[in-house]
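Working notes, structure below.
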There are 2 protein chains.
Amino acid sequence: MDDLAALIRDVPDFPKPGIVFKDITTLLRDPEGLRRTIDHFADHCREHHLTAVVGVESRGFIFGAALADRLGVGFVPVRKPGKLPAETLSESYELEYGTDSLEIHRDALTTGDRVVIIDDLLATGGTLQATVKLVRALGAEVAEVLCLIELAFLNGRAKLTDVPLHTVIVVDGE
Amino acid sequence: MDDLAALIRDVPDFPKPGIVFKDITTLLRDPEGLRRTIDHFADHCREHHLTAVVGVESRGFIFGAALADRLGVGFVPVRKPGKLPAETLSESYELEYGTDSLEIHRDALTTGDRVVIIDDLLATGGTLQATVKLVRALGAEVAEVLCLIELAFLNGRAKLTDVPLHTVIVVDGE
């Protein structure tokens, strides 16, 4: 997927010195870039026979909602604490310093649901691991975890060994 | 659009006592609800001849990305401060107590671009007014502002008198 990789912008020293941020807004802004990204995910998911797409706040909402619309299934947002108004299930995960958590509505999924979880970036894997736990805690099946970009040098894949994982653009170097 | 309105859940006392929160996650979760919402916005925009869709963080990302994908145009996120990595333009707006601000990438739009701005909810209108200013400051034209829900009793429409505004579900009572 070199054509999609070429549409991602490297922004040095963001969010802090020494980090090269992978900026997907240049891909999203490009009509062909957006279309081909969603084409790719939709083609990839066609055989999964999903009942919903789960997107992780907030860039996962972008790909997740468009993918759900393409596949003709519902969309489920997984959000930061305090954003979802009804009864939620919460799962915490470790950050570099401290912890954070994610929430899902308790009635968003149930036994018999089969979903993909989508986000823009696989970094350390903490948010995606927490999201897998939330979906499974509701009794639903995770057919696959999808990410546009994988920062392979952070080895987030190691946190997701018990679930199928598909990433489109793999960044090896730091 | 009574069929869509019926898919929105009222959550009392969120985010604080006395407020009835309009929860769109039940609409998003419903395959028909999501599809018909995007159908509606896409049909509505067909004659606008857009070059991009602008979505406001973060529920505006959900409708905005799916709409951009349907229309075959690019997607531009307007985000809370500090989230966009490249050079940004910023616009502040008033909250009940204090101010907040929104940002757009300076190279996201330019003269000749023609966009719709989309969000889930029109409340007091501050975030949408700020977004209109950001888009126009980059030289682009706002064909229309789109919201799924309008809380008419908050009179946000009064802040958007200089731009076409289309809302789908109007909530009159408090």
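On a predicted model such as this, the values are computed, not experimentally measured, just so you know. All heavy atoms count here, side chains included; hydrogens, waters and symmetry mates do not. Just so we're on the same page: letters track the sequence lines, and every chain starts at 1.
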Please flag which part of [X] lies under 4.5 Å from any non-hydrogen atom of chain A: side chain, backbone, both or neither.
X	answer
B:F14	side chain
B:I38	side chain
B:L67	neither
B:F21	side chain
B:P77	side chain
B:D10	neither
B:D107	side chain
B:V76	side chain

What residue in B:G55, B:G64, B:G74, B:G33 has the most heavy-atom pairs under 4.5 Å with chain A? B:G74
Residue, of B:T37, B:I62, B:T26, that accumulates the most heavy atom pairs under 4.5 Å with chain A: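 Top option by heavy-atom pairs under 4.5 Å: B:I62.
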Which answer fits A:D113, side chain, backbone, both or neither, if we ask what part of it has an atom under 4.5 Å from a heavy atom of chain B? side chain
Does any N or O in the side chain of A:R29 come within less than 3.5 Å of the main-chain N or O of B:A108, such that one atom is a donor and the other an acceptor?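 Present.
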Taking all atoms of both residues into account, what is the closest heavy-atom pair of [X] and [Y], and its distance?
X	Y	result
A:G72	B:P31	O-CB, 3.5 Å
B:P85	A:V11	O-CG1, 3.4 Å
B:A66	A:A65	CB-O, 4.0 Å

Identify whether [X] and [Y] are in the same connected component of the hydrophobic contact network (ILVMFWY, side-chain heavy atoms under 4.5 Å).
X	Y	answer
A:I118	A:V142	no
B:L84	B:L138	no
B:I19	B:V170	no
B:V78	B:L95	yes
A:L50	A:V163	no

Say you draw a straight line from [atom1] of [X] to [atom2] of [Y]; how long is it, rounded to the nearest 0.5 Å?
X	Y	atom1	atom2	value
B:D30	A:F75	CG	CZ	14.5 Å
A:R79	B:S58	CZ	OG	3.5 Å
B:R9	A:H105	CZ	NE2	5.0 Å

Just do the salt bridge (charged side-chain N to carboxylate O under 4.0 Å, His left out) check on B:D69 and A:R35 with the steps written out, would you? CA-CA 6 Å; B:D69 183 52; A:R35 188 182 62 73; over 6 Å; no
